[in-house]
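Predicted, not measured: the structure shown is a model, and the values here were computed from it. The residues of the chain are indexed from 1 along the displayed sequence.
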Amino acid sequence: MDGNGRWARGRALPRTEGHREGALRVRGIAEACIDIGISTLTVFAFSTENWDRPHDEVDVLMALIPERLAAERATIFNNDVRIRVLGEIESLPLADRVAVRTIVRQTVKHQALTLNIAFNYGGRSEILRAVRNLMRDGIAPEDVSEDLFASYLYTSDIPDPDLVIRTAGEQRLSNFLIWQAAYAEFYSTPTLWPDFTRDEFDKALATYRQRERKFGRVADQPRVVSDLISG
Ligand code: FPP
């Protein structure tokens, strides 16, 4: 969700106001997903690298998640939205941690949309965490398959992303779902995140629909052998 700082600077506001505005924007995109039938939306709210930002900015970013979840509680429940967190929330104050864990638990059966909030998340640290847990579980090297490895990631029970959208003209993955996004389509737009409207989202989806996804194969080749047999 890049461009919050630039959005604020363009209005002579503190950067933190850009984050507040950006946090409001998540609602519109989540509603659009439900509308369209997209089952999973993941937003990168705070990276393991964001700790290096000025203290007041970190404080605002820390407070925003519990704040927005409380403000949107009724909407989350009325719209059957499941909340999940990818990353470690230990850094949040106890009351906020409890509030986040509570809403994660209470929405576990919701089905219209899974909203993953990547918080204190980094793809590399997620992979290291998976490796450590595999070793702790005493898994033999020859038993480590891609599926088993993926089951040790935060995203164990959700599909890999089909589309990664990066706003504010950035063209990098920046440690976001680096394992899971291996075959995701990438879309970059100069639009700043707080200006990322439903129209902008529709544009991204229209571009995605035109992409030919080959997953390393040649065009028109069936995806799996069973397709070949049944086709
Ligand atoms: C990057 O923009 C944005 C962030 C580091 C934080 C984004 C977090 C939110 C919008 C809060 C999300 C809240 C919920 C409830 C999911 P930037 O600061 O790098 O902007 P710049 O590139 O213009 O400086």
Side-chain angles (χ1 to χ4, degrees), residues 1-10 15-26 28-30 32-33 38 40-54 57-58 60-62 64-65 84-89 91 114-131 146 149-150 152-155 158-197 199-216:
M1 298 185 281
D2 289 282
N4 295 342
R6 279 166 270 181
W7 183 92
R9 199 168 55 232
R15 291 176 53 80
T16 47
E17 287 309 305
H19 294 313
R20 290 191 192 286
E21 189 66 26
L24 297 176
R25 190 57 59 208
V26 174
I29 301 306
C33 287
I38 292 171
T40 312
L41 171 68
T42 304
V43 290
F44 204 173
F46 191 88
S47 77
T48 43
E49 290 72 36
N50 286 155
W51 289 109
D52 294 334
R53 293 187 175 215
E57 188 169 339
V58 169
V60 167
L61 287 169
M62 289 281 140
L64 263 175
I65 311 279
R84 295 186 36 150
V85 177
L86 315 182
E88 300 301 325
I89 60 166
S91 46
T114 298
L115 175 60
N116 297 313
I117 302 173
F119 175 81
N120 195 13
Y121 171 86
R124 286 185 176 179
S125 65
E126 179 186 31
I127 287 171
L128 281 183
R129 174 179 172 272
V131 170
E146 288 193 10
F149 186 78
Y152 276 76
L153 299 172
Y154 294 119
T155 48
I158 50 174
D160 284 344
D162 291 308
L163 174 63
V164 173
I165 299 176
R166 186 107 202 227
T167 53
E170 307 296 349
Q171 312 243 11
R172 300 176 293 279
L173 268 182
S174 295
N175 213 6
F176 180 64
L177 299 178
I178 51 178
W179 170 278
Q180 300 87 336
Y183 282 100
E185 295 294 324
F186 192 81
Y187 176 86
S188 171
T189 170
T191 302
L192 308 178
W193 173 253
D195 295 326
F196 194 80
T197 57
D199 275 356
E200 295 285 340
F201 189 42
D202 286 341
K203 249 192 268 174
L205 296 176
T207 306
Y208 168 79
R209 283 189 202 100
Q210 284 163 9
R211 302 266 176 90
E212 189 184 8
R213 303 191 71 195
K214 296 192 294 192
F215 299 93

Apply ring pair (Phe, Tyr, Trp, His ring centres under 6.0 Å) to [X] and list each qualifying residue two or more places apart in sequence or on a separate chain.
| X | result |
| --- | --- |
| Phe46 | Trp51, Phe119 |
| Phe176 | Phe44 |
| Tyr208 | none |
| Phe186 | none |

If I compare all heavy atoms of [X] with all of [Y], which pair ends up nearest, and what's the gap?
| X | Y | value |
| --- | --- | --- |
| Leu153 | Ala130 | CD2-CB, 3.9 Å |
| Gln171 | Gly169 | CG-O, 3.4 Å |
| Leu192 | Gly3 | CB-O, 3.8 Å |
| Pro161 | Ala184 | O-CB, 3.4 Å |
| Glu49 | Asn175 | OE2-ND2, 3.2 Å |
| His19 | Leu64 | O-CD1, 3.6 Å |

Determine yes or no for a side-chain-to-main-chain donor-acceptor pair under 3.5 angstrom, with [X] supplying the side chain and [Y] the backbone.
| X | Y | value |
| --- | --- | --- |
| Asn116 | Arg84 | no |
| Asn50 | Ser47 | yes |
| Tyr121 | Leu177 | yes |
| Asn120 | Gly87 | no |
| Arg166 | Ser188 | no |
| Asn4 | Trp193 | no |
| Thr167 | Asp2 | yes |

Counterpart residues, side-chain hydrogen bond (donor to acceptor under 3.5 Å, both in side chains), relative to Thr114 (two or more places apart)
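With sequence neighbours excluded, Thr114 shows a side-chain hydrogen bond (donor to acceptor under 3.5 Å, both in side chains) to no residue whatsoever.
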When you look at Val26 and Met1, which way does the side-chain contact (heavy atoms from CB on, under 4.5 Å) test go after all the steps?
CA-CA 9 Å; Val26 174; Met1 298 185 281; 3.8 Å; yes
Hey, could you give me the [atom1]/[atom2] distance between [X] and [Y], rounded to the nearest 0.5 Å?
| X | Y | atom1 | atom2 | result |
| --- | --- | --- | --- | --- |
| Arg15 | Leu61 | CZ | CG | 9.0 Å |
| Glu200 | Ile165 | CD | CD1 | 10.0 Å |
| Ile158 | Gln180 | CD1 | CD | 7.5 Å |
| Leu115 | Thr42 | CG | OG1 | 8.0 Å |
| Asp160 | Trp179 | CG | CH2 | 9.0 Å |
| Leu163 | Arg209 | CG | CZ | 10.0 Å |

Please tell me if the side chains of Tyr154 and Glu88 come closer than 4.5 Å, counting only heavy atoms from C-beta onward.
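The answer is yes, as the side chains (C-beta and beyond) meet within the 4.5 Å cut-off.
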Could you tell me whether the side chain of Glu126 reaches within less than 4.5 Å of the side chain of Ile178, counting heavy atoms only?
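Side-chain contact under 4.5 Å: no.
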So, using salt bridge (Lys or Arg N to Asp or Glu O under 4.0 Å) as the criterion, who are the partners of Arg53 when residues are at least two apart?
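Testing Arg53 for salt bridge (Lys or Arg N to Asp or Glu O under 4.0 Å), a comparison that skips the adjacent residues, returns Glu57.
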In plain terms, say whether Arg20 and Glu17 are close enough for a salt bridge, that is, a side-chain N and a carboxylate O under 4.0 Å apart.
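Salt bridge flag = yes for Glu17 with Arg20.
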Go through the steps to decide whether Ile38 and Leu205 satisfy the test side-chain contact (heavy atoms from CB on, under 4.5 Å), and finish with yes or no.
CA-CA 11 Å; Ile38 292 171; Leu205 296 176; 4.0 Å; yes
Enclosure of Arg124 CZ (heavy-atom neighbours >12, cutoff 6.0 Å):
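No, not enclosed.
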